[in-house]
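Worksheet: one structure, shown below.
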Amino acid sequence: MGLCDIQDIKTILARHGFRFSKSLGQNFLTEAWVPERIAEQCGVDETAGVVEVGPGMGCLTVELSKRAQQVVSIEIDRALFPVLNETLAGCDNVEVVEGDVLKTDLKALCEQKFGQKTVYACANLPYYITSPAISALLDSGAFAAITVMVQKEVAERICAPVGTGDSSAFSIYIQYHAKAEYLFDVPKDCFIPQPKVDSAVIRLTPLDAPAVQVENEALFFQIVRAAFNQRRKTLVNAMSTVFGSKFGKEQLTELVTYCGLDARVRGERLTLEDYAKLTNAACALMRAHGFA
Ligand code: SAM
């Protein structure tokens, strides 16, 4: 039985009366090299635990089970449980739990299932929850590394150097908290049913401390979001939406130039360091005016 063999996949799923759900992002892998490579590069070894999101039929689960000490897979679709009972029959170190990754307390799950073990996260993510799932995995603080397959375009954005114009507010959030690496491409013909777009695998390794030091993290992300919500506007105009009631355009222009930036610069051109400098200068200005 090959868990990536199209004929075997169809036979097993038909035996269990399973139908793919588009709304649950169910595109299963049909090329064995993909789950093998994901499992090889996700960082696990025989002492580690892994949380997998969305095992599907279990092709990645089996590869993780060969390399890690213990695997816990979270699957939302009850209809896959009888399938997984069959396909994971030989994997004694795997437990499949029913649940929605977005509603799961991942930190508590890891403490309960893995104790003191180092734990990794790994997934061929359902596309409809890419950003919230990555945020939930990262924010949990429970994982030594997070290796996920996402749409190629999203992977490129997440890993793009901040300030090149290819990044987004989400890339900045990720690169503030983690080292983001683009591992490899996975063409769309590696799945059943075939999605419309290609995919790629990325690895996020949480940093011990944020990439830049900011006095006020909430303000830092407020400025970042404002800058990317209005990509066409200059940074000064975007910042007016954050500081409009406190500072006028002239003061904001002074703030931007004080940070060594062109008064007409757009937010997408700023590096993480520029955003940190801007946030810290804004904090100082607010203090000077009695706003903080
Ligand atoms: N890992 C399998 C593979 O690579 O062939 C399946 C990947 S498929 C893209 C996504 C899987 O995530 C499906 O099994 C789907 O049922 C499951 N899933 C969808 N939404 C989920 C959620 N919110 N929480 C947990 N699992 C979810």
Side-chain angles (χ1 to χ4, degrees), residues 1-10 12-13 16 18-42 44 50-68 71-88 91 94-106 109-110 120-137 140 146-152 154-155 183-202:
M1 179 177 69
L3 288 184
C4 286
D5 180 287
I6 289 206
Q7 271 323 315
D8 288 351
I9 292 174
K10 285 183 178 164
I12 298 168
L13 294 182
H16 292 279
F18 177 82
R19 283 177 188 282
F20 288 101
S21 157
K22 203 172 173 182
S23 64
L24 288 179
Q26 291 175 338
N27 303 93
F28 294 176
L29 282 162
T30 57
E31 291 290 335
W33 65 267
V34 183
E36 277 168 23
R37 218 162 143 189
I38 297 174
E40 261 162 30
Q41 297 193 24
C42 73
V44 298
V50 197
V51 168
E52 183 196 14
V53 180
M57 280 186 64
C59 65
L60 177 57
T61 325
V62 169
E63 293 305 323
L64 293 170
S65 144
K66 289 181 197 164
R67 292 165 176 83
V71 183
V72 171
S73 299
I74 306 170
E75 175 56 61
I76 200 170
D77 189 354
R78 273 242 119 237
L80 282 165
F81 281 66
V83 178
L84 287 162
N85 257 339
E86 179 181 337
T87 56
L88 300 178
C91 302
V94 176
E95 181 184 355
V96 182
V97 297
E98 186 183 356
D100 178 342
V101 66
L102 301 183
K103 293 184 183 151
T104 303
D105 182 338
L106 293 163
L109 178 84
C110 288
Y120 293 80
C122 205
N124 167 10
L125 278 181
Y127 293 152
Y128 78 105
I129 52 164
T130 301
S131 304
I134 291 178
S135 302
L137 293 166
S140 72
I146 298 161
T147 305
V148 287
M149 175 146 55
V150 299
Q151 288 187 19
K152 184 174 160 66
V154 176
L183 297 184
F184 57 91
D185 291 333
V186 181
K188 58 182 176 233
D189 60 11
C190 292
F191 301 87
I192 178 174
Q194 191 171 307
K196 289 200 178 72
V197 292
D198 291 330
S199 297
V201 178
I202 58 170

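All ligand and atom numbering here is 1-based and tracks the order in the structure.
Between F18 and F28, the ring planes lie parallel to each other; the angle is under 30°, not in the 30° to 60° tilted range.
Among all heavy-atom pairs drawn from C42 and L64, the shortest one is SG-CD2, 3.9 Å.
Of the possible donor and acceptor atoms, none in the side chain of S199 sits under 3.5 Å from a partner among the backbone N and O of Q151. Remark: the backbone N or O of A200 is not paired with any side-chain donor or acceptor of D185 at under 3.5 angstrom.
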Tabulated below should be the N or O atoms of ligand 1 paired with protein N or O atoms at under 3.5 Å; can you produce that?
unit_1: ligand 1; atom_1: 1 (N); unit_2: G54; atom_2: O; d: 2.9
unit_1: ligand 1; atom_1: 1 (N); unit_2: P55; atom_2: O; d: 3.3
unit_1: ligand 1; atom_1: 4 (O); unit_2: N124; atom_2: ND2; d: 2.7
unit_1: ligand 1; atom_1: 5 (O); unit_2: L29; atom_2: N; d: 2.9
unit_1: ligand 1; atom_1: 14 (O); unit_2: G56; atom_2: N; d: 3.2
unit_1: ligand 1; atom_1: 14 (O); unit_2: E75; atom_2: OE1; d: 2.7
unit_1: ligand 1; atom_1: 16 (O); unit_2: Q26; atom_2: NE2; d: 2.9
unit_1: ligand 1; atom_1: 16 (O); unit_2: E75; atom_2: OE2; d: 2.6
unit_1: ligand 1; atom_1: 20 (N); unit_2: Y128; atom_2: OH; d: 2.8
unit_1: ligand 1; atom_1: 23 (N); unit_2: D100; atom_2: OD1; d: 2.9
unit_1: ligand 1; atom_1: 24 (N); unit_2: V101; atom_2: N; d: 3.0

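Residue S65 forms a side-chain contact (heavy atoms from CB on, under 4.5 Å) with just one option from V50, L88, L60, V71, and that option is V71.
A salt bridge links K66 and E63; the closest N-O separation between the charged side-chain nitrogens and carboxylate oxygens is under 4.0 Å.
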